[in-house]
Number of protein chains: 2
Amino acid sequence: MTTIRDVAKLANVSVATVSRVINNNGYVNESTMQRVRQAIEQLNYRPNDVARSLFKGKSKMIALFVPDIMNPFFPELARAVEDISNKHGYTFILCNTDNQNDKEITYLNALLQKSIDGIILVSSTMTTSQVKDMKVPLIALDRKINPNLISVTVNNYEGARQAVQYLKKQGCKRIAHISGPENISNARERFRGYLDEVRDEEWFNSDFICVGNYAVNDAFEATKKLLQSNPEIDGIFVANDLMGVGVLKAAESLKIKIPNELSVIGFDGIELGNITSPSLTTMAQPIYNIGKRAAEILIQKIEHPNTVIKSEEHKVKLITREST
Amino acid sequence: MTTIRDVAKLANVSVATVSRVINNNGYVNESTMQRVRQAIEQLNYRPNDVARSLFKGKSKMIALFVPDIMNPFFPELARAVEDISNKHGYTFILCNTDNQNDKEITYLNALLQKSIDGIILVSSTMTTSQVKDMKVPLIALDRKINPNLISVTVNNYEGARQAVQYLKKQGCKRIAHISGPENISNARERFRGYLDEVRDEEWFNSDFICVGNYAVNDAFEATKKLLQSNPEIDGIFVANDLMGVGVLKAAESLKIKIPNELSVIGFDGIELGNITSPSLTTMAQPIYNIGKRAAEILIQKIEHPNTVIKSEEHKVKLITREST
DNA sequence: AACGCGTATGTAACCCGTTACATATATATA
DNA sequence: TATATATATGTAACGGGTTACATACGCGTT
């Protein structure tokens, strides 16, 4: 492998001068620069990023922790983060945590040993003590971790209220909710939004609430039970689209007509909801955009540690489709 | 940050001895080892991987190039590669190439500068000259690049024939094909399989062939045209499941009943096909498994450069669902 | 007694950019 | 003319592990 010393020798200058040319800093005479450039060209020299990282203590790498890239919500997030990383000259590392804290900690340590420059966390298991006093910049995405850790999220509470309001406007009189796991902040917010919309209705009944796990199958089973025990339900607000699909399938298997007998609204706005039939009405998050913003904020934090950065809450948007 | 020298000082030994303890090689007296271990513990010392990489010229990182992680075929592949990387102590880097050769080359150079240990390529745009003489181990996945580059693929040709045979067995008399892009090796193979099954049928008509782009929308439009011009078609072999979804939607919009009036079979076996209604019959690839094998082979190649490694062609498997 | 080998540990060079500091010339200011 | 400043370039230390090589002790063999 050719090194900066080879280039220096060929161009008849010191390594310092070559380094100045490469990094375009310090004083270098025009003609010297030409000579160095030519030597670099001739040897096809590429600086070794590892040596650079060692000296600088920075690696130009950022990581994204997601529970599981196979969950269709996350690829778009990952794509956004990768695009922005790439645009700013960072290499993108993807880690699947399976919502397991020990995996997160193992990844974290491994990445710190590699001088990772920053990490974006989609996590419901990292604890406050694990994230505070971290010397490497962290950003929470999609799920808040604690109030001191900058986060990029959506207005889950408001979005949930709007979803329920929309069902009411469509004429639903008995609205149920399939919630997400209680340890996930956005699931709690969506649940709270639902509750604040329905708790004072005279028809409200806590049997209309099921706890799901943000996955298709559980929602399928839960919905079947729910609708069999409570045939009066005519609307369901589902805490994410993936479970929304499970609800549609359950209704289909019970021969309940959507949207005639039952209206369904999801949350997230993943492409999947557009493909089912009936297609799924949803409160869509700006998924790509929140991933993009998280990456931009992280890079800002890495490159300008002193700028003041604030958490962001983006707005969800109703997308009406065939399920309502 | 605490360094090996800090540990050495505290344990009253040389850095060489500490290194020997960390890496468990060379002679170290039992009691010395205890002392060093304790110093490591006490200082919470973690070796700096960047320094290690610089000396060794290896980074313990591997990368996966995919066209776009948002295409639902790739997350499972990525997950498999990440799992295996992780298991063997490698860090996983994901690169979205958008099928653009210049992006691939840019990524490649960036990764080489980071002493990447190996790369898995899902690519239809890398050229023979770009991959030969690469000093870093490469593996082609899902798509062959050239005969000299080890690949992990499936039996696309055979699978395609089986798909068409299955449609015939189901009673289809006029079988069309929506193919993938001609520059993708697996699309060509699947097309060839289709052709070899139908070319000698007296009903065969080249109008039954459309070229798609492995995406939903194009297939939707193409199918509408195809079925309107050729209402006699009663079976379609679609080169991937994503386009299969487009076909299902097109049939729905034309009020063509599936499977009664039209049978559809896809290829890939992505989860999506299980969620549509009707659900999509498909020739399923062992997606996770081929990703896993590619990663295992790559790591084998990295860690034992002299072992003889062969390309692998895995078998696809018919999954019958409601669309046939 | 001399030699060989296994055990144990330390010194210093090495991996390869980066940059603080030293040196030197030329131009500008006082 | 003396001093300050911009320009130009080189030397060597530095970042933090790794390891070749040197040194030294203990024990067994001849």
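Small disclaimer: the values here were computed from a predicted structure and weren't measured. So you know, we letter chains A, B, ... as the sequences are listed, proteins then strands, and number each from 1.
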Table of protein N/O atoms under 3.5 Å from nucleotides 5-7 of chain C N/O atoms:
residue: C/dT7; atom: OP2; partner: B/Tyr27; partner atom: OH; Å: 2.5

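When heavy atoms are screened at a 4.0 angstrom cut-off, A/Asp6 is found touching no nucleic acid atom at all. In this structure, B/Thr32 reaches the sugar-phosphate backbone alone: every heavy-atom distance under 4.0 Å involves primed, P, OP1 or OP2 atoms, never a base. The residue A/Asp49 sits apart from the nucleic acid: no heavy atom pair falls under 4.0 Å. Within 4.0 Å (heavy atoms only), A/Val50 reaches no atom of the nucleic acid at all. Residue contacts shown for A/Val28 are limited to sugar-phosphate atoms, with no base heavy atom under 4.0 Å away. Residue contacts for A/Ser19: at a heavy-atom cut-off of 4.0 Å it reaches a base atom on one of the strands shown. Within the nucleic acid shown, A/Thr17 comes within 4.0 Å of sugar-phosphate atoms alone, with no base atom in reach, counting heavy atoms only. Using a 4.0 Å heavy-atom criterion, one finds that B/Val13 contacts the sugar-phosphate atoms exclusively.
Among D/dG17, D/dC21, D/dT9, the nucleotide with an atom closest to any side-chain atom of B/Arg20 is D/dC21.
Taking the charged nitrogens against the carboxylate oxygens, B/Lys103 and B/Asp98 do have a contact shorter than 4.0 Å, which makes a salt bridge.
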- Message: Let's go through B/Glu296 and B/Arg293 carefully: what are the C-alpha distance in whole Å and the side-chain angles of both, what is the deciding distance for salt bridge (charged side-chain N to carboxylate O under 4.0 Å, His left out) to 0.1 Å, and is it a yes or a no?
- Response: CA-CA 5 Å; B/Glu296 287 172 347; B/Arg293 287 299 299 147; 2.7 Å; yes
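The phosphate of C/dG17 (OP1 or OP2) has no side-chain N or O of A/Asn23 nearer than 4.0 angstrom. Not one side-chain nitrogen or oxygen of A/Arg5 sits closer than 4.0 Å to the OP1 or OP2 atom of C/dC16.
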